[in-house]
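Here the structure is laid out as structure tokens; the discussion comes afterwards.
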Protein chains: 2
Amino acid sequence: MSAIAKRRERERAQRHQLIITAARELAEAEGWEAVTTRKLAERVEYSQPVLYSHFNGKDAILRAVALEGFGELAARLRRARLATPEPPQALHAVCRAYLEFAAEQPALYQAMFVLPTDVKFAHAETPPPLRAAFDEFVNCFRSDNSRRELFAEVTWSALHGMAVLSDSGRIPPNGQTERLDFLVTQIAGTPSGPATL
Amino acid sequence: MSAIAKRRERERAQRHQLIITAARELAEAEGWEAVTTRKLAERVEYSQPVLYSHFNGKDAILRAVALEGFGELAARLRRARLATPEPPQALHAVCRAYLEFAAEQPALYQAMFVLPTDVKFAHAETPPPLRAAFDEFVNCFRSDNSRRELFAEVTWSALHGMAVLSDSGRIPPNGQTERLDFLVTQIAGTPSGPATL
DNA sequence: CATGATGTCTAGCATTGCTATGATGTCGCT
DNA sequence: AGCGACATCATAGCAATGCTAGACATCATG
């Protein structure tokens, strides 16, 4: 490959990333419904067809943003877990990190977990970063716990529900901390008889 | 008001309901993204502008469908709770009813809890049926529990997460029963020391 | 310098939500 | 009964959307 071709490929890769970043910023600023191919094209200072030479369509751009998010989320959860000296509190730290991620970048979170997608979850073709993020939850439970995966699924589901209901204004965003504390307490402890019912 | 005017108003109310039902059926059959004002108009055998004489726009139709759903959900949860002889198991029954509702009518559920909406939640203007549905969760906990509302919020969030992640193919739909059992067990019991972490 | 390929843009299509305008019938009143 | 006013509805159109075909320019190469 000639040096010129290499430079072109480099520039192309840069532009590829530029599109992803622009879409993400625009979505974060005005919401996904405001991300149109025209606005996006203007933002990257190219015409619309250029977008289609990089991605198969708007959905593919969204998918690329989501994939980027999976990597960042996995890293963040991992950091939260490893930064916790006492393992019993790791779950709490990871859950808090998850909710912070969702609250700080709601549009990114939507692309990852709310908007329709063809990304495979819990499947052979699952993107490694996504699997890695999920595993951070799994690893909060003792390795001799044969139902770790189940625990992780329920924990994740609960957090997702809190994140998404809060973001869409369906539960007041204030109580998140109390809800988180309660959730972790219940998930972590072994239940002993119904006293709250 | 003349008898003729009354008849007209009756017919108008019928048509109003017809539009809501048609939208709901179409969404359930092909998904909300397939519900266009044109298809909807054809389905009710009127032209598009008629839709706008009944609703302020597509969003308003969606809102009407959601409101209908709130009523049905509240009734269903109530029935599940009252049909449970032993109060400690009421929570489990209500939660199962909730997940069944979401799984059986995914499009309706989306209109209620996923798609952007201006319906007020946990607010003075909250539609009574919605508040009633939420109260079914609250009433699963003992009335001397000062944190019932918090418990209900977390329970609902967790169920919502399970429902929505399952519907969008992000967790396998099979394990729902196990997840539900685990969730209810943990929420119901008073935690005694970390054994699972 | 000419040529061909590569890259980019202009212009356009079909579909969307929504609406202005005009046709059609219906109602109330003399 | 007939006429004018009004309500009702459809045709036709607008702007915005995702996407694409074709024209145009640019640039490496013979």
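Numbers restart at 1 for each chain; the letters A, B, ... are given by sequence-line order, proteins then strands.
For the pair B:Leu62 CG and C:dT16 P, the computed distance is 16 Å after rounding to whole Å. To the nearest angstrom, P of D:dA10 lies 11 Å from NE2 of B:His54. The CG-P distance, from B:Leu51 to C:dC18, rounds to 10 Å in whole Å. The distance between atom CG of B:Leu26 and atom C1' of C:dT16, rounded to the nearest whole Å, is 15 Å. Regarding B:Glu11, its CD atom lies at a distance of 10 Å from the P atom of C:dC27, rounded to whole Å. Atom NZ of B:Lys58 is separated from atom P of C:dT19 by 14 Å (rounded to the nearest Å). Between A:Glu42 atom CD and C:dT8 atom P the separation is 18 Å, expressed in whole Å. In this entry the distance linking CG of A:Asn56 with P of D:dG18 reads 16 Å, nearest Å.
Contact annotation for A:Ser47: base contact, defined as any heavy-atom pair under 4.0 Å involving a base atom. Using a 4.0 Å heavy-atom distance criterion, A:Arg12 is classed as making no nucleic acid contact.
Counting heavy-atom neighbours within 6.0 Å of B:Asp144 CG, excluding the residue itself, gives a total above 12. Within a 6.0 Å sphere centred on CD of B:Glu45, heavy atoms belonging to other residues, nucleotides or ligands number 12 at most.
Formation of a donor-acceptor pair under 3.5 Å by the A:Ser166 side chain with backbone atoms of A:Ile171 is not found in this model. A donor-acceptor pair under 3.5 Å is formed between the side chain of A:Lys58 and the backbone N or O of A:Val35.
Among the nucleotides C:dT8, C:dG17, D:dA21, the one closest to the side chain of A:Val50 is C:dT8. Across D:dT17, C:dT19, C:dT10, the shortest atom-to-atom separation from the side chain of A:Arg38 is found for D:dT17. Of the candidate nucleotides C:dC9, D:dG18, C:dG17, C:dC9 has the atom nearest to the side chain of A:Pro49. Checking D:dA10, C:dT19, C:dT16 against every side-chain atom of B:Tyr52, the shortest atom distance belongs to C:dT19.
Not a single donor-acceptor contact under 3.5 angstrom links the side-chain atoms of A:Gln48 to the base of C:dC9.
Here the two rings, on B:Phe134 and B:Phe70, have centers that are 6.0 Å apart or farther.
Under 4.0 angstrom from either OP1 or OP2 of D:dG18 there lies at least one side-chain N or O belonging to A:Thr37.
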